[in-house]
> 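Take this structure, written in structure tokens, and hold onto it; I'll ask about it next.
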Amino acid sequence: MRRVLTPFCASIVAAGVIAAMVPSPTFGCGVDTDCTIGDRSYRIALPSGDGPHPAILYLHGYRGSAAGVMNNAAYKDMANAMGVALIAPKSGGEDWLIRNAPRKGFDNDELELSYFDALMDDVTTRHGIDPARVLVTGFSAGGMMVWTLACHRGERFAGFLPVAGTFWDPLPEACPNPPVDLIHIHGTADQVVPPQGRPIADTKQGDVFSALSLFQAAGGYEPTDEGIGAPKDFTCKGALAPEGSRLYLCLHEGGHSISADWLRFGFETLVDSTP
């Protein structure tokens, strides 16, 4: 039986989450130690020098962890070379607690949205992160969380780079935040999360092309031939919103994968170029 939160119950749960998310008084957290917010946590690798620091917020995949992200030397080396903070949130369980996730029964995203609100407040005040220069990226299930944030918290981030994952099916009927700057990356040979999605347990992965169409209609994007300096193995098509926001799909011929170079590309395209 699916556990469905009514709007009244969801508001109570979300209020409880927000109330519980008081930053820990312990400042000695970072790459090897959790930064706690209530019963949730994240890890962070800061560049040298004084802030405010730009940042890449990397969301792990299914059964991943913040510690696992920080164990990825390629990500840390890339962020350090760019002078960018690397922030690794931890999901509320094995997976992100978002609507229609398998066996979770949630009909809204308020638990994770409240966590990310508290996390952004915490990294800004505790670690000197520049809230105007943060790229949100994530892989697989983390990509699904990135799409959720783009849908509901687009105003809080400079850009979004979901990789190999979009919403769970059915997609939201509407997203209040577009237009946003978003580049979606996906492998045409991906069999774990195919671009069209596949059934998982009691739900189904969403269709990437439908998600892009949803955002394009909501944000008033119009197709463009303008390039974005993508890696040579990418085939990218995009659209521009009236005020200049970009919505791109970049396909490659590989499978279920991600690269630190793609994160650099996303940051340099969506954040460094932001006025």
Side-chain angles (χ1 to χ4, degrees), residues 57-62 64 95-96 98-102 109 112 135-154 157 159-228 230-231 233-241 245-259 261-263 265-266 269-270:
L57 193 68
Y58 182 92
L59 315 187
H60 64 75
Y62 177 59
D95 203 351
W96 301 95
I98 53 179
R99 62 187 297 275
N100 300 322
D109 307 299
E112 294 293 6
L135 173 75
V136 185
T137 185
F139 176 59
S140 195
M144 295 176 172
M145 188 67 233
V146 174
W147 273 96
T148 300
L149 289 170
C151 180
H152 296 286
R153 294 294 188 270
F157 304 99
F160 300 86
L161 186 79
V163 180
T166 186
F167 301 105
W168 291 103
D169 194 63
L171 273 60
E173 293 183 1
C175 282
N177 273 168
V180 297
D181 271 317
L182 185 148
I183 300 171
H184 182 93
I185 298 175
H186 219 115
T188 56
D190 192 336
Q191 297 184 11
V192 178
V193 184
Q196 295 83 5
R198 67 182 177 92
I200 297 287
D202 55 343
T203 187
K204 180 182 181 294
Q205 299 162 348
D207 182 287
V208 169
F209 307 103
S210 296
L212 289 161
S213 295
L214 168 69
F215 267 48
Q216 185 169 346
Y221 298 86
E222 294 293 338
T224 180
D225 293 328
E226 181 179 312
I228 51 173
D233 57 336
F234 282 10
T235 300
C236 300
K237 292 185 177 181
L240 300 178
S245 292
R246 292 153 291 180
L247 181 68
Y248 275 79
L249 170 64
C250 290
L251 298 175
H252 60 89
E253 295 181 353
H256 198 60
S257 61
I258 188 170
S259 165
D261 289 339
W262 301 353
L263 307 189
F265 154 67
T269 302
L270 299 179

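Positions are given from 1, in the same order as the sequence printed here.
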> Does Ile200 form a side-chain contact (heavy atoms from CB on, under 4.5 Å) with Trp168? I'd like the steps, not just the answer.
CA-CA 10 Å; Ile200 297 287; Trp168 291 103; 4.1 Å; yes
> Taking all non-hydrogen atoms of both residues, which atom of Leu214 and which atom of Pro172 are closest, and how far apart?
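Nearest pair, atom of Leu214 first, then Pro172: CD2-O, 3.7 Å.
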> Rounded to the nearest 0.5 Å, what separation is found between the CG atom of Leu270 and the CG atom of Leu182?
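It comes to 8.0 Å.
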> Does the side chain of His252 come within less than 4.5 Å of Pro231's, by heavy atoms?
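They are not in side-chain contact.
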> Can you give me the closest heavy-atom contact between Leu135 and Gly266, atom names plus distance?
CD2-C, 3.9 Å
> What donor-acceptor contacts under 3.5 angstrom involve side-chain atoms of residues 137-152, with partners at least two apart or in another chain?
from	atom 1	to	atom 2	distance (Å)
Thr137	OG1	Leu161	O	2.7
Ser140	OG	His256	NE2	3.0
Trp147	NE1	Gly165	O	3.4
Trp147	NE1	His184	ND1	3.1
Thr148	OG1	Met144	O	3.0
His152	NE2	Asp109	OD2	3.4

> Please check: side-chain N/O of Thr224 versus main-chain N/O of Ala239, any donor-acceptor pairing under 3.5 Å?
no
> Test side-chain contact (heavy atoms from CB on, under 4.5 Å) on Leu240 and Arg246; report intermediate values, then the result.
CA-CA 5 Å; Leu240 300 178; Arg246 292 153 291 180; 3.4 Å; yes
> How close do Pro195 and Phe209 get, counting heavy atoms only, and between which atoms?
CB-CE1, 3.8 Å
> State whether the side chain of Arg99 and the backbone N or O of Pro170 hold a donor-acceptor pair below 3.5 Å, judged by distance alone.
yes
> Could you walk me through whether Ser210 and Asp169 pass side-chain contact (heavy atoms from CB on, under 4.5 Å), step by step?
CA-CA 10 Å; Ser210 296; Asp169 194 63; over 6 Å; no
> Search all heavy atoms of Leu212 against all heavy atoms of Tyr248 and return the closest pair with its distance.
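In this case the closest contact between Leu212 and Tyr248 is CD2-O, 4.3 Å.
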> Atom CG in Leu251, atom CG in Asp190: separation rounded to 0.5 Å?
11.0 Å
> Between Ala211 and Thr166, what is the shortest heavy-atom contact and its length?
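Closest pair (atom of Ala211, atom of Thr166, distance): CB-OG1, 3.3 Å.
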> Could you go through Phe215 and Ser245, starting from their C-alpha distance and side-chain angles, then the distance that decides it, and tell me whether this counts as side-chain contact (heavy atoms from CB on, under 4.5 Å)?
CA-CA 11 Å; Phe215 267 48; Ser245 292; over 6 Å; no
> Roughly how far apart are Ile185 CD1 and Ile258 CD1, rounded to 0.5 Å?
7.0 Å
> Asn177: which residues meet the side-chain hydrogen bond (donor to acceptor under 3.5 Å, both in side chains) condition with it, sequence neighbours left out?
Glu155
> Could you grab the distance from atom CZ of Phe265 to atom CD1 of Ile228, nearest 0.5 Å is fine?
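Phe265 atom CZ to Ile228 atom CD1 measures 4.0 Å (nearest 0.5 Å).
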> State which residues pass side-chain hydrogen bond (donor to acceptor under 3.5 Å, both in side chains) with Gln205; sequence neighbours excluded, sorted by chain then number.
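None.
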> For Cys175 and Pro178, which heavy atoms make the closest approach, and how far apart are they?
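For Cys175 and Pro178, the tightest heavy-atom pair comes out as O-CD, 3.2 Å.
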